[in-house]
Structures are given as structure tokens and as C-alpha cells.
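Just so it is clear, the structure is predicted and the values come from calculations on it, not from any experiment. Heads up: numbering here begins at 1 and tracks the sequence.
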Amino acid sequence: MKDSVQVASGVEDLFGTLDENLKLLEKSFHVSTSLRNETLEIEGAEADVKRVERLVRDYADFVESGARLEPAEIHSFLRILAEDPGASFRGLAEAGRPRTLGKKSVSPKSMNQRRYVDAIQRHDMVFGIGPSGTGKTYLAVAMAVDALLTKEVSRIILARPAVEAGERLGFLPGTLQEKVNPYLRPLYDALYDVLDPDRVERYVEKNIIEIAPIAFMRGRTLNDAFVILDEAQNTTSEQMKMFLTRLGFNSKAVITGDITQIDLPNARKSGLLEAMEVVGRVEGISFVYFNERDVVRHSLVQQIIRAYEEYDQLRGTNGNPRNGSKEPIESLEVKSGGDRL
């Protein structure tokens, strides 16, 4: 089927720089397009052509109402619209309007990211599971900062298993905090991106923001807090059970992980994999699963993730981790007074 849509003034923004969004439309909806004399010609299966035509007219109505979107927002919304036929530019703009968090404006960039943000708002415990680069940790940290700044909670607690990803780092010098800081750096990076570094440091000094290995959570009850467990695939069963039972009153917990990158020794089952089986049907807990289409890093990252998934399937691993002889740092001896983490 072939159809034409008259292009209204302002709609050219929809097509993007060097028509990159038109290329995205063609790939997502399996159509071919050409722009001639302010007329967009669309060719493909009838249902696909009708969807693209409806999308272009929807954007035209949105622009005529005086609304404007940034190029990055348009690109993100097109990706969502390709996955959700019921969505619209206006609906996405109202539901996914960027949040101003300190110095940063944050908005979901895919349908699963939108579901993730909605789940965090509605539920007290959310699991975000998927590959690297899909925004699991970043969005969780952004939502935590939002909750702190709006006084929904009085503190943020960020935890991470201190596990080596395939490297044997051996003895580490320095104080206890200096020993674990390299493992917690990704959490600091996310914080520094949404808050000024000076503000982060003040909050850390006052224990309003606490960043620590998961082992430090034992024996605590976390009230009035937004708690994030990052890299949860590297927790043991005992650590995961301990973390999930720390949640106190007026608190939220977000657990993020990538079950294809487990760095525990072969004999130990991932606490995240076990939790998916044990608490998967518990009412009040939400699970959001990401895939390579949600990756917001370089476009090559999506292809790399897909290539590894296909490789795992060919080997018959069904997405299970390629474990090596890695060892949690908690079991390693460290210098400085013979402390053990």
C-alpha cells in the first residue's frame, strides 16, 4: 500500500537531523518514505502505513497546539510509539515530562524505562532486570534524588556487592572506605550526574546519602529511606534475603541487576535469580525487564548485547552467566590492620 500525508509547518522537526527519525520510522514500522513538495509518501503494508500516517498527523496536531519537543525527546518518543500502538505524542509528553532533579532533567527514553519509572512510583519494591546501559541504576538514583528533594524520604541508601568482575585485585591498601570505593564508583557517578558534587558530599557527610557494600546492611532496619541495591546479580542467596528483609516503614527499595553478567563463583547461586523465583508472585513487588532496545548508550552496544544473547543461545546456556573463578571481595584479606570485608 502507498499513501501520502501533507506535511504541516513545524512537522519537519519530526524527521530529525539528516532525516534520522524518518529512518527510525522506516525501520520500526517496516515502511519506506520519501518527502516531496511538502508531502510525505509512505509505502508498505496497509496496517503499517496507517500507523505511520496516524503518527505524523498526531505530531502535527501536537505541534499546532503550541507544544514543542527537543530532538532527543522526539527520538525517544518514536521508539516508544513503535512498541505501544495506543500511545500518543501528547500522552507521552504529559506522562514522561522530564523531571528537574537538581542540575539534571531526566525522562524515560523507552517504553520499558517508562514502565520502570511508573512502577517505582506505584510500588514499594521494584526489580529492574536487564543488560547494561538500559538506565536501570541511573533512573533509580534519579527517582531516589527526586524523593529526597521532595521530602518523601529523609535519606538515600545505595548498596552494591563488592565483587570483582573477572579480575583478581588481591590486597587493597588504605582505609576500609578506600578499599570499597572502587566498587561503589558507578553509584557516585550517577549521583554526581543529577546533583552538584558539593551537595552530594554534604549529604554523604551528614549520612543523608549512604553508599556502602551490601554486607553493611546486616542487622539494620531501613525506615523513611529510598534504598537501591545495584548489581544484585552478584549477591548470594543469603545476602539477597538479608537485603529484602531490611525494608522499614515509609521506605522504597529498587533492586537492579543483569542476570547475564554474574561474577560469583560457580558453586554459588545468584541471589537475584533465586529472588525472581521466590518473590516473583508476592503482591506489591513489581518486576520490570529490559532488553537491548532499551540501551541508551552507543548504538553498537545494542548490537553487542544481541550478539552475546545469540551466542549464549547457540551454546545452550539460555542466558545463564558465564561464570569464572571470581571471588567476592568480602572473602579477601586486605591490608591495613588485617581487616576483612
Side-chain angles (χ1 to χ4, degrees), residues 13-14 16 20-21 24-25 27-29 51-52 54-56 58-59 61-63 65 67-102 104-147 149-150 152 190 193-194 226 228 230 232 252-258 276 280 284-299 301-302 305-306:
D13 291 341
L14 173 65
E20 62 176 353
N21 289 340
L24 176 62
L25 275 175
K27 181 179 179 181
S28 301
F29 294 94
R51 281 191 67 188
V52 174
R54 190 162 56 248
L55 185 150
V56 174
D58 175 39
Y59 183 78
D61 293 340
F62 185 63
V63 170
S65 70
R68 286 292 181 273
L69 293 173
E70 295 296 324
E73 288 183 284
I74 295 174
H75 191 78
S76 299
F77 285 178
L78 284 175
R79 292 176 63 187
I80 297 174
L81 290 164
E83 295 182 47
D84 185 357
S88 68
F89 277 102
R90 186 176 302 279
L92 291 175
E94 292 174 354
R97 181 60 61 187
R99 296 168 174 266
T100 301
L101 307 172
K104 195 74 173 181
S105 183
V106 178
S107 62
K109 291 180 171 57
S110 73
M111 179 57 68
N112 284 329
Q113 286 193 358
R114 182 183 170 196
R115 292 189 183 109
Y116 186 52
V117 170
D118 289 345
I120 293 173
Q121 289 177 323
R122 296 195 315 267
H123 297 87
D124 288 336
M125 184 172 290
V126 176
F127 285 76
I129 301 169
S132 301
T134 50
K136 305 182 303 294
T137 301
Y138 187 86
L139 287 173
V141 170
M143 294 293 287
V145 169
D146 187 36
L149 297 181
T150 56
E152 294 176 27
D193 202 47
V194 295
F226 197 117
I228 299 172
D230 191 35
K252 280 184 179 288
V254 178
I255 299 96
T256 71
D258 178 0
M276 291 165 64
I285 299 178
S286 176
F287 283 76
V288 179
Y289 295 90
F290 297 85
N291 55 51
E292 78 278 354
R293 293 192 301 273
D294 301 302
V295 172
V296 291
R297 294 177 181 168
H298 195 287
S299 58
V301 176
Q302 295 184 10
I305 291 170
R306 192 178 303 116

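- Contact record, Val126 with Ala119: CG2-O, 3.5 Å, taken as the closest heavy-atom pair.
- Atoms CG and CD1, from Asn112 and Ile129 in turn, are 12.0 Å apart once rounded to the nearest 0.5 Å.
- Lys252 places a side-chain N or O within 3.5 Å of a backbone atom of Ile120 that can act as its donor or acceptor partner.
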Requested in this report: Test Met143 against Val117 for side chain to side chain contact (heavy atoms under 4.5 Å, CB included), laying out the working first.
Outcome: CA-CA 8 Å; Met143 294 293 287; Val117 170; 3.8 Å; yes
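- Between Phe287 and Gly280, the shortest heavy-atom distance links the atoms CE1-CA, 3.7 Å.
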Report task. Apply side chain to side chain contact (heavy atoms under 4.5 Å, CB included) to the pair Gln113 and Phe290, showing each step before the final yes or no. Result -> CA-CA 8 Å; Gln113 286 193 358; Phe290 297 85; 4.0 Å; yes
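- Closest approach of Ile255 to Ala232, counting heavy atoms only: CG2-CB, 3.3 Å.
- Side-chain N or O atoms of Tyr116 include one that pairs as donor or acceptor with a backbone N or O of Lys136 at under 3.5 Å.
- The shortest non-hydrogen separation linking Gly130 to Asp258 is O-CB, 3.2 Å.
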Report task. Test side chain to side chain contact (heavy atoms under 4.5 Å, CB included) on Ser286 and Val288 and set out the steps. Result -> CA-CA 7 Å; Ser286 176; Val288 179; 4.1 Å; yes
Query - Candidate pair Tyr138 and Val194, rule side chain to side chain contact (heavy atoms under 4.5 Å, CB included), full reasoning - result: CA-CA 9 Å; Tyr138 187 86; Val194 295; 3.6 Å; yes
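- We find the CD-CG distance between Gln121 and Asp146 to be 8.0 Å, quoted to the nearest 0.5 Å.
- Outside the 6.0 Å centre-distance limit, the rings of Tyr289 and Phe127 are not counted as a close aromatic pair.
- Distance check, rounded to the nearest 0.5 Å: CG of Asp118 to NE2 of His123 gives 10.5 Å.
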